[in-house]
Number of protein chains: 2
Amino acid sequence: MSRAEAISPARLKDAAPLFAALGDATRLGLLVSLCASGPLSVARLSVRFTVSRQALAKHLDVLAEAGLVRSSRQGRERIWELEPRRLKDAHAYLERISLHWDDALSRLKTFVEG
Amino acid sequence: MSRAEAISPARLKDAAPLFAALGDATRLGLLVSLCASGPLSVARLSVRFTVSRQALAKHLDVLAEAGLVRSSRQGRERIWELEPRRLKDAHAYLERISLHWDDALSRLKTFVEG
DNA sequence: GTCATGGGCAACCTCCAGGTTGCATGTTAG
DNA sequence: CTAACATGCAACCTGGAGGTTGCCCATGAC
């Protein structure tokens with residue numbers, strides 16, 4: 001019996017930009033930094049990276065577009081913080097595909113053995 | 001206490017191409033197709049997509065490069081199948097970041113409440 | 001043999017991601 | 001007020017991703 005729900009094309013179109021946002025070493029580094037050190041400004045972040053501040057700002061925009069990060073103004077600074085919900089979303093997607101795969105495997109096993 | 005292990009830059013450089021490979025709707029579609037229908041040839045796959053056979057072949061190469069898919073010759077056909085290990089890798093990676101986040105949250109909570 | 005089918009290869013095109021520099025704007029410190 | 005700092009904005013450059021077409025090669029069918 002199949003426990004995994006179908007993966008609709010709509011979900012695919014939602015998932016792709018999410019993974020695309022995760023598919024860059026600098027952006028993953030930003031996520032990890034925000035994870036480890038909590039909310040930070042671009043200036044604070046930029047001392048940890050080799051690329052320019054503007055490049056980081058663009059990356060943060062991409063992450064925000066994907067819903068992985070959120071920003072708020074505090075005085076003259078803009079503070080960025082992680083948005084863990086979308087991270088869980090990505091996680092759930094992979095889980096769903098894995099489930100499908102395990103299902104397919106067990107079906108195959110049943111077919112072969114039975 | 002912190003249960004999450006550190007996320008090394010080396011792991012970042014490993015994870016980025018993996019997510020990048022997942023960050024395309026067509027490629028996700030390929031994975032789902034291979035998941036649902038088992039190993040298939042490019043010709044078989046291409047009837048389900050609107051892009052050309054060559055485009056799909058390139059996507060499959062990208063997926064193979066990321067270790068998400070594997071191919072073998074069978075007669076005049078090349079059969080592609082899923083490689084679930086790397087999928088689990090990506091899964092584990094997100095889990096690691098989430099763990100870090102949860103750790104950071106609980107540390108913050110302890111700090112605020114304690 | 002002959003033909004259709006599956007696949008690799010290569011050239012080519014277009015667009016945008018990722019990066020840079022330079023300058024303008026707003027805000028806090030003294 | 002003025003200087004220093006954090007950011008926003010815009011123009012610009014370059015490489016590579018994603019797509020196409022056209023052709024050639026191998027293999028299985030007849």
Side-chain angles (χ1 to χ4, degrees), chain A residues 9 12-34 37-81 90, chain B residues 9 12-34 37-81 90:
Chain A
L12 280 189
K13 290 208 172 175
D14 181 45
L18 186 49
F19 288 121
L22 293 171
D24 178 281
T26 304
R27 284 197 288 270
L28 281 181
L30 283 171
L31 290 184
V32 170
S33 286
L34 290 179
S37 312
L40 285 175
S41 70
V42 190
R44 287 296 189 97
L45 282 166
S46 69
V47 304
R48 311 185 179 192
F49 294 81
T50 61
V51 296
S52 67
R53 175 181 58 83
Q54 285 84 345
L56 282 192
K58 284 191 188 178
H59 280 304
L60 285 168
D61 284 341
V62 173
L63 288 173
E65 188 81 17
L68 285 164
V69 106
R70 188 164 40 108
S71 74
S72 60
R73 287 302 287 261
Q74 282 188 16
R76 68 176 162 179
E77 292 185 341
R78 157 155 272 145
I79 303 298
W80 297 86
E81 67 180 307
Chain B
L12 278 190
K13 291 208 171 174
D14 180 46
L18 186 49
F19 287 122
L22 293 171
D24 178 280
T26 304
R27 283 197 288 270
L28 281 181
L30 283 171
L31 290 183
V32 170
S33 285
L34 290 180
S37 312
L40 285 176
S41 69
V42 189
R44 287 295 190 96
L45 282 165
S46 69
V47 304
R48 311 186 178 190
F49 294 82
T50 62
V51 297
S52 66
R53 174 181 59 85
Q54 286 83 346
L56 283 193
K58 284 190 187 177
H59 280 304
L60 286 168
D61 284 341
V62 173
L63 288 173
E65 189 81 17
L68 285 164
V69 106
R70 185 163 43 106
S71 74
S72 59
R73 288 300 288 262
Q74 283 187 17
R76 67 174 164 183
E77 291 186 339
R78 157 155 283 160
I79 303 300
W80 297 86
E81 66 180 308

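So that the names make sense, note that chain A is the first sequence line, chain B the second, and so on, each numbered from 1. This is a predicted model, so every value here is computed, not measured.
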- Does the base of D:dG8 carry an N or O that pairs as donor and acceptor with the side chain of A:R53 under 3.5 Å? yes
query = Taking N and O atoms by type only, does the side chain of A:Q54 place a donor or acceptor under 3.5 Å from a partner on the base of C:dG22?
reply = yes
Just the rounded figure in Å: distance from [atom2] of [N] to [atom1] of [X].
X: A:K58; N: D:dC12; atom1: NZ; atom2: C1'; value: 10 Å
X: A:F49; N: C:dG18; atom1: CZ; atom2: C1'; value: 15 Å
X: B:L45; N: C:dG6; atom1: CG; atom2: C1'; value: 13 Å
X: B:E77; N: D:dG28; atom1: CD; atom2: P; value: 10 Å
X: B:R78; N: D:dC25; atom1: CZ; atom2: P; value: 19 Å
X: A:D61; N: C:dG19; atom1: CG; atom2: P; value: 13 Å
X: A:E65; N: C:dA17; atom1: CD; atom2: C1'; value: 14 Å

Within the pair [X] and [N], is there a side-chain N or O less than 4.0 Å away from OP1 or OP2?
X: B:S52; N: D:dG19; answer: no
X: B:R76; N: C:dT5; answer: no
X: B:H59; N: D:dG19; answer: yes

Students often get this wrong, so: under 4.0 angstrom with heavy atoms, is [X] touching a base, only sugar-phosphate, or nothing?
X: A:R27; value: sugar-phosphate
X: A:V42; value: sugar-phosphate
X: A:A43; value: sugar-phosphate

Residues B:L68 and B:A21: closest non-hydrogen pair is CD1-CB, 4.0 Å
Looking only at heavy atoms, the pair that brings A:W80 and A:L34 closest together is O-CD2, 3.5 Å
Exercise. Is atom CD of B:E65 surrounded by more than 12 heavy atoms (other residues, nucleotides or ligands) closer than 6.0 Å?
Worked result: no
Contacts of A:A55 and B:S41 projected onto DNA chain C by closest heavy atom; the upstream (5') one is B:S41
The answer to which of A:Q74 and A:G23 contacts DNA chain C further toward the 5' end, by nearest nucleotide, is A:G23
